[in-house]
Amino acid sequence: MLHPGLYEQVVNHTLNSEFAEIPEARKSLVPIDQAEASKVLAQYLSDVVQRGLENVLDNGGDISAQIELTNQIVDLI
């Protein structure tokens, strides 16, 4: 049985700030397995991009604004 906690989560800035408040004895962080890194990071990025695209709509944007953001992300990559 697993102990309560977060498992297989990418430690982003938000989680890192929250972890800073937890005593070292109560946390255990391990690096992403190198063989799984691209898959894990791609899934994380997919989730972030999806939330960003939803945020465009929530702030009055439309599909064209979502496409523009998508194209900017693709160009950056």
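Sequential numbering from 1 along the given sequence is applied to the chain's residues. Hydrogens, waters and symmetry mates are skipped; everything else that's a heavy atom, side chains included, is used.
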Do Val11 and Leu45 belong to the same hydrophobic cluster, where Ile, Leu, Val, Met, Phe, Trp and Tyr are linked whenever their side-chain heavy atoms lie under 4.5 Å apart, directly or via other members?
-> no
Got a donor-acceptor contact below 3.5 angstrom from the Thr70 side chain to the Gln66 backbone?
-> yes
Side-chain touch Gln43/Lys39, heavy atoms, less than 4.5 angstrom | no
Should side-chain heavy atoms under 4.5 Å link Ile, Leu, Val, Met, Phe, Trp and Tyr, which residues sit in the same cluster as Ile32?
-> Val10, Val40, Leu41, Tyr44, Val48
Only one of Val49, Asp47, Leu53, Asn55 passes side chain to side chain contact (heavy atoms under 4.5 Å, CB included) with Arg51; say which it is.
-> Asp47
Distance col, row Arg26:CZ vs Glu21:CD, nearest 0.5 angstrom, shows 14.0 Å
Would you find more than 12 non-hydrogen atoms of other residues, nucleotides or ligands less than 6.0 Å from Gln72 atom CD?
-> yes
Going from CG on Leu29 to CD1 on Ile22, what distance comes out if it is rounded to the nearest 0.5 angstrom?
-> 8.5 Å
Minimum heavy-atom separation for Ala35 to Asp33, with atom names?
-> N-OD1, 2.9 Å
Cluster link Leu76 to Ile67, ILVMFWY, side chain under 4.5 Å | no
